[in-house]
Amino acid sequence: MAKVLGIIGGGQLGMMITEAAQNLEEVSKIIVLDPTENCPAAKVGAEQIVADFKDEDAIKKLSELSDIITYEIESGNSDVLKKLETHTEINPSPDTLRIIQDKLLQKQFLKENDIAVAEFVKIENKNELIDVIDKMGLPVLLKTRRDAYDGRGNYKINSKSEIDDALDLFAGKTLMIEKFVKFEKEVSVIAARNTKGKIATYPVVENIHENNILRTTIAPGRVSEKVKKQAEKIAEKTMEVLHGAGVFGIEMFVTADDEILINEIAPRVHNSGHHTLQSCDTSQFEQHLRAILGMELGNSSIKSPTIMYNILGPKTFKGEYNVLFKKQDNVYLKMYGKLESKPQRKIGHINIVDIENRGMDELFNQLEELKSNLVIEPKQT
Ligand code: ATP
Ligand code: MG
């Protein structure tokens, strides 16, 4: 029997999960819970409950209407989900969500399972922070433990004179400190585990951030064979220790001596996996559905190297917008249907696919050309 799928969050990730679900006969209907009326997932055909992600009544209602619940954001209410787990299937499991959504618990969990992470410490006040800096040295990153995205919960402390500013910025939040890693590269692995315990990983990709926001993903990543194998091994080990099914995005640092540390895990499909829409037979969105619906996992190998480039709202305006873009055969534009552009907001992405085997350098040349041709401009009214 086809199932009703409930998704907490109906932004671009929920939208692309919805589109993948529409192609699977195992799913009869999709309902998303999202506070923004007519959210991206609703625009492509999901039903929507308009409410806050943490609204207990709304989550209960979603669970009553759904056979299976999943999420596109990690800030869902894991306590409420835990209570509902007995009568509605929820994947990844609320216990896993609870660990992952708190960066401190997540790092402790990884460390306990012998998975390498940067040195970290929980801190509760200024004195503790000063003590940690004396022991660890500078720079360090002060991080909020919960609800961070696009680096907004991070403050890099380069000198002791910045301590007060850093603590003021995050007043009232639970915090931790992490040693600053001088990484050579940031990479990630999208990994899936289905309800039967089968694991599949996509090849490691390379991620380039600008102003703390992911801008470009290069798939596959330009890393040594050793790093590639090691990163995929770490991802598999992580999937073995985490409970529940679904796709996870595992972000990692690669140091100059090819050491790999996990930066963080997202218990959901991930921006660095958007290339799979064109580069692989099975996109990360379909893979996630296969994983939680108890289906066989699909092929996750990369058929054509691809560069994914995020389209961010320009810094110059906020409001309705038009996209000017020159079509090309190997370039796939995906806009998320967001009504308004805001500075640095993710409003779409492009995948540049090497369908003719011209090599990565050519893809980069094409990307540079596209960057100058792609314009987001205010809509004239
Ligand atoms: P996102 O939404 O991008 O996943 P986030 O807000 O959860 O991000 P993190 O992933 O912790 O934040 O950090 C954002 C970026 O800051 C990382 O991708 C990395 O570039 C940098 N960063 C985070 N932790 C460290 C560290 N310990 N050392 C050096 N750089 C770091
Ligand atoms: Mg991150």
Side-chain angles (χ1 to χ4, degrees), residues 9 11-13 53 71-76 97 99-111 115-123 129 132-133 135-158 162 166 169-170 173-191 204-218 221 231 235 238 247-257 259-274 284 308-310 312 342 344-346 349:
Q12 64 265 27
L13 303 179
F53 305 122
Y71 17 88
E72 60 128 40
I73 45 153
E74 52 268 55
S75 60
L97 178 65
I99 295 170
I100 290 182
Q101 69 187 183
D102 181 327
K103 283 185 176 167
L104 178 75
L105 297 185
Q106 184 189 135
K107 295 266 149 87
Q108 283 169 342
F109 175 82
L110 290 170
K111 199 172 161 191
I115 297 171
V117 292
E119 204 183 323
F120 66 91
V121 189
K122 168 183 170 183
I123 62 133
L129 177 54
V132 172
I133 289 176
K135 282 191 201 112
M136 249 186 211
L138 287 166
V140 294
L141 274 179
L142 180 65
K143 291 192 171 187
T144 60
R145 284 168 53 182
R146 301 175 66 99
D147 298 335
Y149 67 99
D150 291 344
R152 286 172 211 218
N154 292 353
Y155 192 114
K156 185 177 174 199
I157 302 179
N158 294 302
E162 291 169 332
L169 185 68
F170 299 140
K173 305 230 160 95
T174 53
L175 301 170
M176 65 186 286
I177 279 284
E178 237 175 67
K179 199 175 169 77
F180 187 80
V181 180
K182 290 191 193 69
F183 55 79
E184 280 281 304
K185 269 193 175 144
E186 289 196 77
V187 299
S188 59
V189 175
I190 305 295
V204 61
V205 300
E206 190 179 334
N207 297 317
I208 299 167
H209 290 79
E210 285 169 25
N211 304 318
N212 274 313
I213 300 177
L214 178 67
R215 195 70 208 246
T216 312
T217 294
I218 302 150
T238 306
V247 157
F248 293 73
I250 308 173
E251 301 174 6
M252 307 172 192
F253 299 131
V254 184
T255 68
D257 347 310
E259 194 194 354
I260 298 177
L261 306 169
I262 288 194
N263 169 35
E264 66 168 347
I265 305 172
R268 53 167 171 81
V269 289
H270 193 261
N271 195 171
S272 70
H274 291 359
Q284 63 164 348
M308 189 281 317
Y309 180 70
N310 271 337
L312 304 179
K342 292 180 194 163
Q344 303 284 90
R345 183 183 207 192
K346 289 173 182 166
H349 72 259

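Whatever order the structure lists ligands and atoms in, that order sets their numbers, starting from 1.
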* Structure fact -> Within 4.0 Å of some non-hydrogen atom of Asp150, the atoms of ligand 1 are 1 (P), 2 (O), 3 (O), 6 (O), 8 (O)
* Pick out which of Ile218, Asn263, Asn271, Thr217 makes a side chain to side chain contact (heavy atoms under 4.5 Å, CB included) with Asn207. => Thr217
* Asked: With distance as the sole criterion, is a donor-acceptor pair present between the side chains of Asn154 and Asn212 under 3.5 Å?
  -> no
* To do: Taking only heavy atoms of Tyr149 into account, list the atoms of ligand 1 that are under 4.0 Å away from them.
  => 2 (O), 6 (O)
* **Salt-bridge contact Lys107-Glu178 (side-chain N to carboxylate O under 4.0 Å)** => yes
* Structure fact -> Restricting to heavy atoms, the pick from Glu186, His209, Glu251 nearest atom 17 (C) of ligand 1 would be Glu186
* **Option whose closest heavy atom lies nearest to atom 11 (O) of ligand 1, chosen from Met252, His270, Lys143, Glu264** => Lys143
* Structure fact -> The side-chain hydrogen bond (donor to acceptor under 3.5 Å, both in side chains) partner of Arg268 among Glu74, Gln284, Glu72 is Glu74
* Asked: Has Leu214 got any heavy atom lying under 4.0 angstrom from an atom of ligand 1?
  -> no
* Asked: What heavy-atom pair brings Leu214 and Ser272 nearest, and what distance separates the two atoms?
  -> CD2-N, 3.9 Å
* Just jot down the ligand 1 atoms closer than 4.0 angstrom to any heavy atom of Asn154, in number order. => 9 (P), 11 (O), 12 (O), 13 (O), 14 (C), 16 (O), 23 (C)
* To do: Report yes or no: does a heavy atom of Lys103 sit under 4.0 Å from some atom of ligand 1?
  => yes
* Does NZ belonging to Lys346 count more than 12 external heavy atoms closer than 6.0 Å? -> yes
* To do: Identify, by atom number and element, the atoms of ligand 1 in contact range of Asn212, meaning under 4.0 Å from any of its heavy atoms.
  => 15 (C), 16 (O)
* To do: Any atoms of ligand 1 less than 4.0 Å from a non-hydrogen atom of Ala148? List them with their elements.
  => 6 (O), 7 (O)
* Classify the angle between the aromatic ring planes of Phe253 and Phe183 as parallel (below 30°), tilted (30 to 60°) or perpendicular (above 60°). => parallel
* Asked: Heavy atom under 4.0 Å from ligand 1: found in Asn263's side chain, backbone, both, or neither?
  -> side chain
* Asked: Which atoms of ligand 1 are found less than 4.0 Å from any heavy atom of Lys179?
  -> 26 (C), 27 (N), 28 (N)
* To do: Looking only at non-hydrogen atoms, find the nearest pair between Ala118 and Lys179 and report the distance.
  => CB-O, 4.0 Å
* **Contact with ligand 1 for Lys182, non-hydrogen, under 4.0 angstrom** => no
* **Main-chain N/O of Ala256 paired with Glu184 side-chain donor or acceptor, under 3.5 Å** => no
* Asked: Backbone, side chain, both or neither: what part of Val181 comes under 4.0 angstrom of ligand 1, heavy atoms only?
  -> both
* Quick one: which ligand 1 atoms are inside 4.0 Å of a heavy atom on Phe183? -> 20 (O), 29 (C), 30 (N)
* Asked: Taking the six-membered ring of Phe120 as reference, does the NZ or CZ atom of Lys111 fall below 6.0 Å from its centre and within a 45° cone about the axis?
  -> yes
* **Gly151 heavy atom under 4.0 Å from ligand 1** => yes
